[in-house]
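Heavy-atom basis, side chains included; hydrogens, waters and symmetry copies ignored. First listed ligand is number 1; within each ligand, the first listed atom is number 1.
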Amino acid sequence: MASTLAPDQFGPTVCVGEILVEIVATTVGNGFTEAQPLVGPYPSGAPAIFISQCGRLGGSSAMIGAVGDDDFGRVNIDRLKRDGVDVSTISIDAHYPTGSAFVRYRRDGSRDFVYNIAMSAAARFGWSDDVRRLIERAGHLHVMGSALSVPSARDVIDRAVDIVKARGGTLSVDPNIRKELKLHEATEKRFAKLVAAADLLLPSGEELERAAGVEGEVNAIRRLFELGVKEIVLKRGAAGATYFGRDGDRVEAPAFVVAEVDPTGAGDCFGGAYLTCRRLGMPAKEALTYASAAGARNVTIRGPMEGAGTREELDAFISSTERRS
Ligand code: ATP
Ligand code: MG
């Protein structure tokens with residue numbers, strides 16, 4: 001169960017993609033067609049949540065993306081800085097506002113969104129000398145599937161994968177793409193290439209089968225190892241998570257018992273914690289415990305990254321919270 005991931009000292013974990021603020025409706029119901037109470041701005045964006053959790057756990061980490069020259073941008077940069085993330089490759093766009101997502105939960109648990117991403121600063125960054133210098137010393141690249149729909153992120157990821165891998169760094173991929181969602185052919189190809197190059201794959205539910213391109217959990221796991229993936233952790237929400245190793249190892253991680261307040265960001269915190277613990281040298285089982293705690297703790301607090309925990313906070317959570325058997 002030794003990690004195949006490049007150790008923390010080899011260079012920072014780098015995440016590329018959308019940086020947003022999230023504004024959350026405090027009442028349950030349908031959409032935003034009437035004036036209503038809202039709370040926010042909360043720092044957000046799946047890649048940003050992931051890297052926030054890496055930083056809070058003491059992993060060396062850096063973020064590539066962009067915000068506007070506005071308070072929503074400052075909310076994000078200040079948060080990531082406080083979490084210990086290197087923010088020097090977050091650019092500040094002079095002309096476009098910081099990206100945003102308004103979210104309201106419906107009675108059945110589904111969500112309505114109003115997004116401003118494609119036409120915001122979140123989609124306006126690219127390869128630069130600063131980005132190249134960071135990538136040339138990066139130890140690990142984490143790719144969020146959601147970032148692949150942002151052309152600027154796609155371009156940076158394409159270049160970064162080859163450079164990081166060539167210097168002996170490693171790659172993790174969170175598909176973060178719903179099964180039904182049909183991607184453009186070029187994006188689909190890029191996604192398949194990333195999956196095959198992944199040292200660590202972090203799918204959630206049916207994303208496993210989508211990434212493998214075959215039906216059934218056992219078949220999907222087998223296929224992914226054939227493709228070259230080194231390690232897989234399957235996220236199952238409140239039902240926990242499972243680690244699969246190439247050598248046939250399997251470790252179950254029962255979920256912690258919590259009252260869910262806001263499910264957004266659980267998968268990102270889980271992934272950031274798992275990756276960081278592995279890069280810091282923990283065996284899979286121990287890393288899974290921290291990851292499960294990070295995911296569970298995050299759903300108990302409103303706001304997508306408000307519940308990301310430090311090592312001390314997660315230790316306290318683990319010792320005071322019951323786990324399902
Ligand atoms: P996201 O909605 O952020 O994309 P995801 O689908 O990628 O999330 P989940 O499986 O929902 O990922 O959550 C990741 C992990 O967090 C789970 O495997 C579990 O350990 C923990 N977790 C999530 N929700 C709960 C919950 N309600 N109770 C306890 N643990 C939870
Ligand atoms: Mg997910």
Side-chain angles (χ1 to χ4, degrees), residues 15 17-18 20 22 24 42-54 57 101 103 105-106 109-113 115 142-149 172-181 198 200-211 217 231-244 250-277 284-309 313-314 317-318 320-325:
C15 199
E18 66 280 10
L20 313 172
E22 192 158 306
V24 187
Y42 292 112
S44 188
I49 300 168
F50 180 95
I51 210 70
S52 157
Q53 180 61 81
C54 294
L57 264 178
V103 60
Y105 287 90
R106 291 186 179 179
S110 63
R111 293 177 278 190
D112 285 319
F113 285 103
Y115 285 121
H142 177 73
V143 176
M144 280 289 176
S146 58
L148 295 180
S149 56
S172 51
V173 176
D174 181 337
N176 220 355
I177 298 170
R178 273 171 291 124
K179 198 179 179 184
E180 319 80 60
L181 197 72
L200 167 64
L201 194 67
L202 291 156
S204 157
E206 62 198 9
E207 291 168 358
L208 173 75
E209 286 156 284
R210 193 187 197 289
E217 190 173 304
E231 180 170 334
I232 301 168
V233 179
L234 177 62
K235 296 171 279 179
R236 307 180 196 267
T242 311
Y243 162 94
F244 299 90
R250 179 184 171 125
V251 182
E252 297 296 340
F256 288 90
V257 181
V258 293
E260 191 176 286
V261 173
D262 180 355
T264 304
D268 309 327
C269 286
F270 179 99
Y274 182 79
L275 175 78
T276 299
C277 289
K285 191 171 169 36
E286 196 182 353
L288 277 175
T289 299
Y290 278 104
S292 304
R297 184 177 188 275
N298 196 56
V299 306
T300 64
I301 300 172
R302 181 181 278 145
M305 66 169 87
E306 300 311 297
E313 285 166 339
L314 295 182
F317 178 91
I318 291 165
S320 65
T321 314
E322 210 181 304
R323 280 181 100 165
R324 283 169 220 277
S325 45

Checklist line | Centroid-centroid distance, F256 to F317, less than 6.0 Å | finding: yes
Next item on the list: Only heavy atoms count here, so choose which of G265, G240, G295, G267 is nearest to atom 8 (O) of ligand 1.
Entry: G267
Margin query: Can you name the atoms of ligand 1, numbered from 1 with element, that are less than 4.0 Å from a heavy atom of A241?
Written below: 18 (O)
Check: Could an N or O of ligand 1 be found under 3.5 Å from any N or O of R111, whether backbone or side chain?
Finding: no
Note to self: Applying salt bridge (Lys or Arg N to Asp or Glu O under 4.0 Å), can you list everything that pairs with R250, at least two apart in sequence or on another chain?
What the structure shows: E252
Next item on the list: Counting heavy atoms only, name the option from G237, A253, S204 that's nearest to atom 11 (O) of ligand 1.
Entry: G237
Item checked: E231 and Y274: side chain donor to acceptor below 3.5 Å -> yes
Next item on the list: Classify the side-chain pair S146/E18 by whether it contains a donor and acceptor separated by less than 3.5 Å.
Entry: yes
Checklist line | Min N/O separation K235 to ligand 1 under 3.5 Å | finding: yes
Check: When you measure from atom 2 (O) of ligand 1 to each heavy atom in A294, A273, P263, which option holds the nearest one?
Finding: P263
Next item on the list: Could you pull out all residues at least two apart from R106 that satisfy salt bridge (Lys or Arg N to Asp or Glu O under 4.0 Å)?
Entry: D112
Checklist line | Ligand-side contact atoms (ligand 1) for residue partner V258, heavy atom cut-off under 4.0 Å | finding: 28 (N), 29 (C)
Item checked: Numbering as shown, the atoms of ligand 1 that approach R236 to under 4.0 Å (heavy-atom distance) -> 10 (O), 18 (O)
Item checked: Between OG1 on residue T321 and CZ on residue R297, distance to nearest 0.5 Å -> 9.5 Å
Notebook entry, point to check: For ligand 1, which atoms, with element, lie under 4.0 Å from some heavy atom of A296?
Noted result: 21 (C), 29 (C), 30 (N)
Check: Between Y105 and T264, do the side chains contain an N or O donor and an N or O acceptor separated by less than 3.5 Å?
Finding: yes
